[in-house]
Amino acid sequence: AGTAASGKKYVINTDTTFAPFEFENEKGEMVGIDLDILKAIAQDQGFEYEVIPVGFSAACIALESGECDGVIAGMSITDERIQKYDFSEPYYDSGVGMAVLSGSDITTYDQLKGQNVAAKIGTEGCTFAESIADQYGFEVTQYESSSDMYQAVLSGEAAACFEDYPVIGYEISRGLELTLPTDMEKGSSYGFATLKGANPELVDMFNKGLENIKANGKYEEILNTYIAK
Ligand code: GLN
């Protein structure tokens with residue numbers, strides 16, 4: 001195990017609704033792959049932390065202002081973020097997908113012409129939607145949380161939304177009445193983030209712990225808890 005030299009309690013921010021990575025269960029507890037991985041790594045490395053679910057864009061802002069020490073929120077390791085954040089090694093591969101209402105006849109981006117499309121502020125899905133908006137002639141409306149974004153599609157406010165494939169796929173498997181008509185766009189893997197230069201020892205412990213929980217089977221056990229094989 002590592003050393004918690006300073007006896008410091010790290011403040012880690014996360015998203016509010018991003019199942020199966022972080023979400024509130026029926027008992028009102030925050031659970032999910034990210035939180036279980038963090039817990040297992042902290043145990044392995046011997047550091048203390050507290051998790052605060054503030055939402056994705058709020059977590060990024062808190063990280064940048066030094067209000068929190070780290071963010072675990074299904075955060076994609078993008079070229080842009082690497083400029084300002086130190087990331088752990090990737091711990092989960094992801095990508096972005098377009099979701100539409102089940103039964104919708106939209107099956108291609110072309111059919112989004114003249115439509116309103118929902119995206120979540122500050123996410124890779126939002127960046128992707130905006131990158132193709134002019135080409136396909138649609139408008140992007142931003143939402144604060146994934147649940148607000150899904151609601152926009154369910155209510156017909158938006159014709160589609162762009163979300164991380166494993167996340168929306170999980171919700172669909174749990175009964176969310178949306179569907180993924182197109183293939184997944186290549187996206188970045190998830191990593192644990194700290195502000196550049198701010199907590200190198202934390203990134204280091206995360207990486208060592210991640211390696212250990214992969215080696216001892218804990219990482220796979222966590223994935224299996226949330227994702228049926
Ligand atoms: N993976 C996406 C990103 O990093 C979305 C993360 C999230 O919404 N929690 O932009």
Side-chain angles (χ1 to χ4, degrees), residues 11-25 30-38 51-64 67-68 70-99 117-133 140-153 158 160-172 174 176 178 180 183-196 203 206 210 222-223 226-227:
V11 176
I12 311 295
N13 279 6
T14 189
D15 205 343
T16 49
T17 320
F18 204 60
F21 297 91
E22 46 269 340
F23 58 102
E24 202 177 294
N25 68 12
M30 285 300 292
V31 296
I33 293 171
D34 283 350
L35 304 180
D36 286 9
I37 285 178
L38 179 62
V51 171
I52 314 179
V54 295
F56 187 69
S57 67
C60 294
I61 291 167
L63 189 63
E64 288 171 33
E67 255 174 275
C68 69
V71 173
I72 190 156
M75 192 193 286
S76 309
I77 305 171
T78 63
D79 290 342
E80 205 195 333
R81 291 180 185 146
I82 286 175
Q83 311 299 316
K84 16 180 213 178
Y85 304 156
D86 286 330
F87 279 99
S88 69
E89 293 300 320
Y91 64 82
Y92 197 87
D93 294 334
S94 191
V96 165
M98 172 177 77
V117 165
K120 178 175 169 188
I121 302 177
T123 62
E124 196 175 35
C126 187
T127 304
F128 177 73
E130 286 174 340
S131 75
I132 61 165
V140 177
T141 303
Q142 298 187 349
Y143 294 84
E144 196 64 51
S145 69
S146 288
S147 42
D148 290 348
M149 175 171 75
Y150 305 155
Q151 197 48 47
V153 183
C161 69
F162 284 85
E163 171 70 296
D164 287 9
Y165 218 87
V167 171
I168 194 108
Y170 176 88
E171 294 290 358
I172 291 170
R174 299 301 205 100
L176 181 70
L178 301 182
L180 289 156
D183 288 340
M184 180 169 89
E185 298 288 344
K186 201 179 151 23
S188 317
S189 302
Y190 296 160
F192 168 71
T194 61
L195 192 60
K196 214 169 204 13
V203 178
F206 192 97
L210 181 61
I222 292 169
L223 291 194
Y226 295 97
I227 304 171

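Each ligand, and each atom within it, is numbered from 1 in the order the structure gives. Only a predicted model underlies this, so the values are computations on that prediction, with no experimental measurement involved.
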List every atom of ligand 1 that sits less than 4.0 Å from any heavy atom of [X], numbering the atoms from 1 in the order shown and giving each element.
| X | answer |
| --- | --- |
| F18 | 5 (C), 6 (C), 7 (C), 8 (O), 9 (N) |
| D15 | 7 (C), 8 (O), 9 (N) |
| Y190 | 1 (N) |
| T123 | 5 (C), 8 (O), 10 (O) |
| M75 | 4 (O) |

Side chains of [X] and [Y], heavy atoms from C-beta outward: is any pair under 4.5 Å?
| X | Y | answer |
| --- | --- | --- |
| F21 | D15 | no |
| L223 | Y92 | yes |
| I168 | C161 | yes |
| F18 | D164 | yes |

Please write down residue, atom name and distance for the protein heavy atom closest to atom 1 (N) of ligand 1.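 Nearest neighbour among protein heavy atoms for atom 1 (N) of ligand 1, to 0.1 Å: D164 OD2, 2.5 Å.
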
Got the closest protein heavy atom to atom 8 (O) of ligand 1, with its distance?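 So the nearest neighbour among protein heavy atoms is K120 NZ, 2.7 Å.
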
If we only count N/O pairs under 3.5 Å, is [X] in contact with ligand 1?
| X | answer |
| --- | --- |
| A73 | yes |
| E124 | yes |
| E22 | no |
| G74 | yes |

Quick one: does R81 get a heavy atom under 4.0 Å from ligand 1?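 In this structure, R81 qualifies as a contact of ligand 1 - some heavy atom is under 4.0 Å.
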
Judged by non-hydrogen atoms, does S94 sit under 4.0 Å from ligand 1?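 In this structure, S94 fails to qualify as a contact of ligand 1 - no heavy atom is under 4.0 Å.
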
Mind checking whether Y91 and F206 have parallel, tilted or perpendicular rings, split at 30° and 60°?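 Taking F206 first and then Y91, their aromatic rings sit tilted (interplane angle of 30° to 60°).
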
Using distance alone, with no hydrogens and no angle criterion, decide if E124 and S188 have a side-chain donor and acceptor under 3.5 Å apart.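 E124 vs S188: donor-acceptor pair found between side chains.
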
Taking all heavy atoms of F56 and all of I121, pick out the closest pair and write down the distance.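 Closest pair (atom of F56, atom of I121, distance): CD2-O, 4.1 Å.
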
With side chain to side chain donor-acceptor pair (under 3.5 Å) as the criterion, how do D34 and Y190 come out once you've worked through the C-alpha distance, each side chain's angles and the decisive distance to 0.1 Å? CA-CA 10 Å; D34 283 350; Y190 296 160; over 6 Å; no

If you draw a 6.0 Å radius around CG in D183, do more than 12 non-hydrogen atoms from other residues or ligands fall strictly inside?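 No, not enclosed.
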
Which one holds for M149 and ligand 1: side chain close, backbone close, both close, or neither close, with close meaning a heavy atom under 4.0 Å?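 Answer for M149: neither.
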
